[in-house]
Structure formats: structure tokens, C-alpha cells
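Structure first, commentary second.
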Number of protein chains: 2
Amino acid sequence: MTELYKGHPKHLLAVDCVIFGYKDEELKLLLYPRSFEPVKGKWSLMGGFVQENESCEEAAARVLYETTGLENIFLEQVSAFSHPEREPQVRVVSVVYYSLIRIQDQDHELVSAHGAKWWPLTRLPELIFDHSNMVRKALGRLQQKAGYSLAGIELLPERFTLLQLRKLYEAIYQREFDAGNFRKKILSLELLHKTSEKNYTESRKGAFYYTVEPGLTEVETERIVKF
Amino acid sequence: MTELYKGHPKHLLAVDCVIFGYKDEELKLLLYPRSFEPVKGKWSLMGGFVQENESCEEAAARVLYETTGLENIFLEQVSAFSHPEREPQVRVVSVVYYSLIRIQDQDHELVSAHGAKWWPLTRLPELIFDHSNMVRKALGRLQQKAGYSLAGIELLPERFTLLQLRKLYEAIYQREFDAGNFRKKILSLELLHKTSEKNYTESRKGAFYYTVEPGLTEVETERIVKF
DNA sequence: ACAAAAGTGTTTAGATTACACCCATGA
DNA sequence: TCATGGGTGTAATCTAAACACTTTTGT
């Protein structure tokens, strides 16, 4: 039966990772400069080729690990990009993932060893090939995801204040939210756990730290939220 | 520079099509029986291999054309499936699309030449490999899409009554909608054009036929609808 | 005292939902 | 005349959104 598979072309298969981070009340993207022609010097998503024995998701996790040193990262497939001429000279089909990482957790040396740099999402440099498209689509997915889950929290430290969470959502959706309404909506989901400690660095009064309600599975953090 | 691409494995790349139809107030799926081992006799999605000179989307459109005779079909990517052992014996990475077709428009001879059969979505036979997963994910995407667009209309004839549209939505979401409320919500979108003709086959009184408001692009048919 | 964030409460507008009700008509 | 879907109207409920107001505390 395997001869039915013969005669069909084989393709180079890559993954590209849209790596989101969050710092200074801004969404950031981890990019690295392409070091060879064509389009040498232009900025690029982190990518790599899918090996024989790994799935695309595993390849993306590997790329993430190799470039940031991080494991067990939130990772979600965006789409396959497969236009025959999406890269010049060589045909590569690329499966795009986006991931959410805590910038403060990254392996600095490893990241800088790749010449990588965190760019503010709103002021990106020119990207190679169809990578801008990939980013746009990934952001759309992130916005969608954040609308019915607390996945965005993967960008924040383990504990965070509601101000920090609101600023994160403002960065994700590129718009402002009313502080009082945001607080009530988020708390009404009953997915957050109020700790007994306060953060005093951002206000005189001090804001309680929250964590994700312990014991919640990913599915359980999903509620319809209309942001 | 192309030697940078050397040494990386190449993969068989396939597309699988989740082909939705609608008939007798039910969502249907077009499946065909696998005619060779392994898992001979089990039912399968329509699939095909991606050629050198085509994108995955083009390959999916080609598969659709080859099996149903239809062109210019609504087609949307679901996801890439790439687990190394998702098919026994041979590693194939598959990009899944779902499509919405009007069953009455299909080329009957062509479809039956493949031994294909329309199955009610709620009573599917056992499917090969990970195809059940693909179907589940595709249905999720269709439900999502139908929630903010009128894409589902691709499953109905050019003109349709509001009863037919409601029954379609009930089939997509597997739940009932209040007739009056559904009517008001749909019409409030101002995306439908009321024709002057009536359908008398489903009610004594006769229900006006509607069409999609002419001149609307796909984007313009998108509104937030909470179904 | 003031500013700035924390946190609570209120009011309004709009959407959702359930459901009543009349219309038209073939059997 | 009855059943059935077509089509409209309304009242109760829920949610989103705007915004007022009080608390806390370092400067």
C-alpha cells in the first residue's frame, strides 16, 4: 500500500514562532536579524525545520527552547503558510505558532547569542517574506483567545495586580478599558485567587496580588468574555 | 544560501477536506470509503497530496473540484496535523480545510464514482486515523465563523426563507433558536435582501425568499452575532 | 492638601429571552 | 375550524458602559 504514497513530491517543512512577550505595558515580539542572503539584515521570526520524528508543535517547542531556554510554554498553532513562492528560490511550507512567554524568565545569554531583540509590537521593523502576515494573524488569534480565556496571563508573572492585568489586556486589544468595569468583569469570572499580599510599587494604597485560581485546567479558564 | 536548506528532511504533505453539506435540516459530511489497507473499508475525508507548484489551499480546491466538480467553493483552513505517527507506516503531514457546498450543485456522477457518501454529522461512521479529530475541529471553526458572519449561507440555495436559515443555524449549533428572536436578530444585521417572491412549500401563508444583500464582500457580512 | 491608584456603587442604554398574539391558508 | 408556520410586539432580565465617589498614603 505504501506505493500509493510514491510519486508525490516531498516538501521542506518549517515552523515559525511568533513569540509574544510583555514589558513596560507593551506587547513585544522576539525577532532576530537574518544573517544571510537573500534579504540579509531584515528581521525574521524564529524558525526551524521540522524533523522526521517530531510534530510541528514539537518543532516549535524545540525552536522556543533553543532560542529562549524556556520549556512548557503556551503554544498555539496559527496557520500553515504554503504559497509556492512565499520564499524566493526554495519552496518551504511553514506552520506558524504563537507563544506567550514571560520575558523575565528567558535565558538572556541564549537570546542575545542569536542576536535576537524584543520589538514593541506597534513599532516593528520590516520583516522578511510573509512574516508580517504571520504576525498579524497571530495577533488576531491572541486577541480572540484572550476574549474567552485567561491565556494572556502567561505573559504576566505568577502573581499580578488587577492594574497589571488590565494594562496587559489594553496592550493586547490596543484600546483602553474602564478600570472599575474591568475589575468587576474579571472578578465575576471567579477564575482569580486573591492573595493576602499587596503590591505597593504602583500605588500608594497598595493593590492585592492575584493568581490564577489553583487547580484550574486550561479548559476551565474559558468563559465567554466580550472584550 | 540555498545550502542552508540542505540536510533538512522533506515531508509528504497532504490536504484533507472536511466537506460540509446541508440537507433535510441536517449537516452532512462527504466521506469516501478507503479502498486499500491499512484500515480498508473505513471511511475517510477527501484528501490529496500537495504538488510542487500549488499551495495547500489550491490543493484543497483541486481535491474539491476533482471529487465534486465544484469550483469557487468556500474554503477555510482548520489546522495542520503533523504527529509523526498519525498515519501508520508512512509519515504524512496533513493540512485540513473545511468547505461549505450546496449538495444539490454537486456532480452526482463524479461523487458516486469515488464511492463517496453524504453522512449526517450526528451519526458518522468510524473514520480512519485522526480524521474524527479533524472533523471535530472543523465543526468548531464553522460554529465560530457562523457566529460572526453569514458564511453558513454557502450551504443554502441562492435564495432561502428565514425558516430555512434558522433550521440551518440550528443544525450548525445543534440547538434550537426562538423563531421570532432569530428573525429579528438576523434582519437587524441588514445583510439580507428580501425578495418579492414567496416560498409556499413549507407553510400555508408563504414565506418571503431572502438573498444576501447584493454587493456585499465577505468582510462586510461579518458582524458580531452572539449565537 | 494633592495626586493617583484601589476599590465600590449607581445609572443608563442596549441586548437577550421568553412568550403572547394576530395573520394566512390548505386540508 | 384547526394546525402550522409567518410575522410582530412586549415585558422581564441581563449585560455593557459611563462615571461618581470613597479610601489610602507618599510626597
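By convention in this document, chain letters (A, B, ...) are assigned in the order of the sequence lines, proteins followed by strands, and residues within each chain are numbered from 1.
The separation between B/F160 atom CZ and D/dG6 atom P is 14 Å, rounded to whole Å. Atom CG in B/L162 sits roughly 7 Å away from atom P in D/dG7 (whole-Å rounding). When rounded to the nearest whole Å, the span between CG of B/N181 and P of D/dG5 equals 17 Å. Atom pair A/Q164:CD and C/dG7:P shows a separation of 12 Å (rounding to whole Å applied). Distance B/F182 CZ to D/dG5 C1': 15 Å, rounded to the nearest Å. Computed from coordinates, the B/K185 NZ to C/dT16 C1' distance equals 7 Å when rounded to whole Å. Rounded to a whole Å, the OH atom of A/Y200 is 7 Å from the P atom of D/dT25. In this entry the distance linking NZ of A/K194 with P of C/dT8 reads 6 Å, nearest Å.
Although no hydrogens or angles enter the test, the distance criterion places a donor-acceptor pair under 3.5 Å between the side chain of B/Y169 and the main chain of B/A146. Between the B/S112 side chain and the B/E109 main chain, a donor and an acceptor come within less than 3.5 Å of each other.
Where A/R204 and A/R183 meet DNA chain C, the nucleotide closest to each residue was compared, and A/R204 sits on the side nearer the 5' end. Of the two residues near DNA chain D, A/G180 and B/L187, the one whose nearest nucleotide lies more 5' is B/L187.
For a distance-only test at 3.5 Å, the side chain of A/K184 fails to qualify as a donor-acceptor partner of the base of C/dG7. Within 3.5 Å, no donor on the side chain of A/K198 pairs with an acceptor on the base of D/dT25, nor the reverse. Residue-to-nucleotide contacts include no donor-acceptor pair under 3.5 Å from the side chain of B/K205 to the base of C/dA24. Taking only distance into account, the side chain of A/D178 never meets the base of D/dA16 through a donor-acceptor pair shorter than 3.5 Å.
A/F208 comes within contact range of the sugar-phosphate backbone alone, with a heavy-atom separation under 4.0 Å but no base atom that close.
No salt bridge links B/R175 with B/E170; every basic N to acidic carboxylate O contact stays at or beyond 4.0 Å.
In this structure, B/F74 and B/Y98 have tilted ring planes: the angle between them lies in the 30° to 60° band. Relative ring orientation between A/W119 and A/W43 is described as perpendicular, the plane-to-plane angle rising above 60° on a 0-90° scale split at 30° and 60°.
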